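Some notes on the structure that comes next.
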Protein chains: 2
Amino acid sequence: MTDSEVVELLRAHGIRPSAHRVAVASCVLGNDTHPSAETVLRKARERLPVISRATVYNTLNLLNEKGLLRQHPFGAGTVFDSNVSRHHHLIDEETGEMRDIPWEKLSVSGLESIKDAEITDYMIVIRGRFKKRRA
Amino acid sequence: MTDSEVVELLRAHGIRPSAHRVAVASCVLGNDTHPSAETVLRKARERLPVISRATVYNTLNLLNEKGLLRQHPFGAGTVFDSNVSRHHHLIDEETGEMRDIPWEKLSVSGLESIKDAEITDYMIVIRGRFKKRRA
DNA sequence: TCCCAAAACTGGACATAGTCTAGCTCGCAT
DNA sequence: ATGCGAGCTAGACTATGTCCAGTTTTGGGA
Ligand SMILES: [Mn+2]
Ligand SMILES: [Mn+2]
Ligand SMILES: [Zn+2]
Ligand SMILES: [Zn+2]
């Protein structure tokens with residue numbers, strides 16, 4: 001994702017695209033990795049060595065509030081996910097690495113039997129061992 | 001679960017049932033709550049006011065290693081789960097409270113299409129709002 | 001019963017992840 | 001040029017969890 005695409009995306013969501021925000025957003029938007037906040041901090045500093053930890057957390061939280069990101073507490077600690085459409089997750093038990101599984105690839109039945117809650121979202125979380133690098 | 005049942009369970013899993021361990025284990029085994037380590041510490045101190053934080057964490061980790069507990073990083077922070085058979089989870093988005101969903105109540109199809117990992121376990125994680133207290 | 005080594009337990013230091021704040025800086029409108 | 005609000009910063013602070021060195025408890029053997 002180019003910088004100007006990131007800028008457009010931020011503007012479209014009502015976020016002023018400061019240089020720092022673009023640096024942070026570029027590290028996580030438009031790819032299917034699931035980086036931790038500390039990973040984003042390290043990558044952002046490659047571009048912008050002076051950026052502070054607070055700005056990285058502020059920006060990630062802002063992107064989350066505006067719906068450009070999700071945050072997941074499983075995997076290798078808490079990680080961010082720029083894929084905001086519904087999907088499932090596969091997690092390597094040894095490394096904590098997370099991979100996406102397309103929504104249509106799996107399906108759940110029996111949800112209608114859950115009567116004691118209003119369901120807003122759900123996800124299948126699979127644990128196992130990755131066989132090889134993704135193609 | 002009575003104290004002597006807890007003692008038996010610990011012995012059966014090769015854990016020496018010291019008074020402290022029994023106090024910790026009683027707080028979490030044999031019920032379907034999903035307490036955090038800090039919650040267990042507070043409850044254990046009601047029984048045994050002198051118990052240290054380190055002992056609570058040591059004991060919870062030991063119970064986990066010996067297969068008497070599981071640990072889940074979603075819900076209200078990291079919580080412990082004495083239900084070690086397969087089941088799914090429903091989480092209240094406001095409070096983080098977790099409830100169990102019996103394995104047979106839901107089912108997943110399409111798992112055989114996952115080729116790039118050896119699956120060891122999976123679970124459906126549902127988020128929503130609880131309607132009322134459990135019956 | 002007494003003794004001792006091993007196991008268990010302790011407080012506190014340390015580590016990591018994340019939040020918050022007070023002050024500074026930057027960019028933009030006038 | 002000046003003023004103002006948004007953004008950024010370092011560092012203090014909180015929460016959660018691990019680690020360690022020293023002490024206490026325990027239970028089996030003499
Ligand atoms: Mn969101
Ligand atoms: Mn286990
Ligand atoms: Zn994802
Ligand atoms: Zn459970």
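Note that this is a predicted model, so its numbers are computed, not measured. Labels below follow one simple rule: chain letters A, B, ... track the order of the sequence lines, proteins then strands, and each chain is numbered from 1.
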Phosphate contact (C:dT10 OP1 or OP2) by B:S52 side-chain N/O below 4.0 Å: yes

Check every atom of D:dG17, D:dA10, C:dT19 against the side chain of A:A54 and return the nucleotide holding the closest atom. D:dA10

Rounded to the Å, how far apart are A:R42 CZ and C:dT16 P? 12 Å

May I have the distance from B:I51 (atom CD1) to D:dT24 (atom C1'), rounded to whole angstrom? 15 Å

Verify the contact: side-chain N or O of A:Y57 to OP1 or OP2 of C:dT19, cut-off strictly under 4.0 Å; return yes or no. no

Looking at A:N61, does any N or O in its side chain come under 4.0 Å of the phosphate oxygens OP1/OP2 on C:dT19? yes

Heavy-atom nearest pair, A:E94 first then A:D92, reads N-OD1, 2.7 Å

Numerically ordered, the residues 9-27 of chain A set in heavy-atom contact under 4.0 Å with DNA chain D is A:R16, A:S18, A:H20, A:R21

Figure out the CZ/P separation between B:R53 and D:dC20, and round it to whole Å. 18 Å

Could you tell me whether a side-chain N or O of B:T120 sits under 3.5 Å from a main-chain N or O of A:R127, the two making a donor and an acceptor? yes

Please report the distance, rounded to the nearest Å, between CD in A:E38 and P in C:dG18. 7 Å

Rounded interatomic separation in angstrom, taking CG from B:L41 and C1' from D:dT18: 15 Å

Separation of D:dT16 P from B:N58 CG (nearest whole Å): 18 Å

When hydrophobic residues are tied together by side-chain contacts of less than 4.5 Å, even through go-betweens, does A:L69 share a cluster with A:L41? yes

Distance, rounded to the nearest Å, where A:L62 contributes CG and D:dA6 contributes C1': 12 Å

If only atom types and distance count, is the side chain of B:R45 paired as donor or acceptor with the main-chain N or O of B:I51 below 3.5 Å? yes

Salt bridge (Lys or Arg N to Asp or Glu O under 4.0 Å) filter on A:D3, not counting sequence neighbours, yields A:R47

Gap between atoms CG and C1', on B:L48 and C:dA8 respectively (whole Å): 13 Å

Would one find a side-chain N or O of A:T78 under 4.0 angstrom from OP1 or OP2 of C:dG18? yes

A:D100 versus A:H34, side-chain donor and acceptor atoms under 3.5 Å: yes

Whether A:W103 and A:Y122 hold their rings parallel, tilted or perpendicular, with breakpoints at 30° and 60°: tilted

